[in-house]
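Read through the structure below, which is laid out as structure tokens, and then see the notes.
Count residues from 1 along the sequence. In each ligand, atom 1 is the first atom listed, and ligand 1 is the first ligand listed. The structure displayed is predicted, hence computed values, not measured ones.
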Amino acid sequence: MNIINDPQELQQHCLTWRRDGLRIGLVPTMGYLHDGHQALMRHARTLCDRLVVSIFLNPTQFGPGEDLDKYPHDPEGDKAKALACGTDLLFMPDPAAMYAANHATWIDVPDLGRHLCGARRPGHFRGVCTVVTKLFMLAQPEVAVFGRKDWQQLAILKRLVRDLNIPVDLVGHDIVREADGLALSSRNAYLTRDERAAAPAIRQGLVKLAEMVQKGERDPEVAKKFLRDEYAATLPMGTVDYIELVDPDDITPVAAVTGPVLAAVAVGMGRARLIDNILIEV
Ligand code: PAF
């Protein structure tokens, strides 16, 4: 496995692979890799000839007061995990190499960022879209794999790729969970023992909400109130940031459930802000 820090070197490497007719796959990450990231890498590995994994804690997607400075990191562990998944090239740039001091170009898909995390984290998706576009320009992938835990992120990136005619296939991967249902996240490292013990209730509540909708509840307000009450009972130390039922493509709240709907939540638990979602087919 080759480890590269310099963006231009990555681009040269990947352009050479493209000229040789090799299909490049990309898995962008912010590091502190876990089984969820490794599942993305293993899946990407089956879809390409050369696998590029990026580890870059992108400062532009963090707002003031968020956890940029405290985000967990383990570069040596990450290298071993990326290697174990068949990564050919690990890209680990510094922020200064990715963003010139007078960086002035931004990519944004504001229509899909008006709700859920986009509403709570102003500028977050602009930072994500900009860095992912830069990674696409550098790594020239034909396929890139993203987790569906960040459903809104994937929906926004799909729209970006379509609207800008970027020749890359975006592949979503199912949420990887602990045995007790908690979605894997680097931020789970922030949980205290008590918070960790309670956190599976996030998923359990979503599953109950999905059952309720599948049994016929069509009013999102009733479903949302049910889940809010459920979390008040099962997650007393949690602070609900949002509970929403949205259109899975447009990420706009639905007035009534008439087709597939995404139930998405964000819950603050101590230092962690955890997100999860469930796609409900009716
Ligand atoms: O999902 C993430 O880890 C990040 O938002 C991404 C896609 C790597 C961009 O920094």
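Close approach of ligand 1 to V131 is summarised as follows: ligand atoms under 4.0 Å from at least one heavy atom of the residue are 9 (C), 10 (O). In summary, the atoms of ligand 1 found under 4.0 Å from a heavy atom of T29, numbered by their order in the structure, are 8 (C). Set against the non-hydrogen atoms of P28, the atoms of ligand 1 under 4.0 Å away are 8 (C).
More than 12 non-hydrogen atoms from other residues, nucleotides or ligands lie less than 6.0 angstrom from OH of Y231.
Put simply, M30 and F146 are part of two different groups of oily side chains (I, L, V, M, F, W, Y) that touch within less than 4.5 Å, one to the next.
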Could you list the donor-acceptor pairs under 3.5 angstrom formed between side-chain atoms of residues 92-108 and any protein atom two or more places apart in sequence or on another chain?
unit_1: Y99; atom_1: OH; unit_2: N58; atom_2: OD1; d: 2.7
unit_1: Y99; atom_1: OH; unit_2: T60; atom_2: OG1; d: 3.0
unit_1: H103; atom_1: NE2; unit_2: T105; atom_2: O; d: 2.7

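The salt bridge (Lys or Arg N to Asp or Glu O under 4.0 Å) contacts involving residues 150-162 comprise R159-D250, where partners must be two or more places apart or lie in separate chains.
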_Step-by-step side chain to side chain contact (heavy atoms under 4.5 Å, CB included) determination, D174 to V176_ = CA-CA 6 Å; D174 281 348; V176 180; over 6 Å; no
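Counting protein heavy atoms only, atom 3 (O) of ligand 1 is closest to M30 CG, 3.7 Å. At the shortest separation from atom 2 (C) of ligand 1 among protein heavy atoms lies Q153 NE2, 3.9 Å. Among all non-hydrogen protein atoms, the one lying nearest atom 9 (C) of ligand 1 is Q61 OE1, 3.3 Å.
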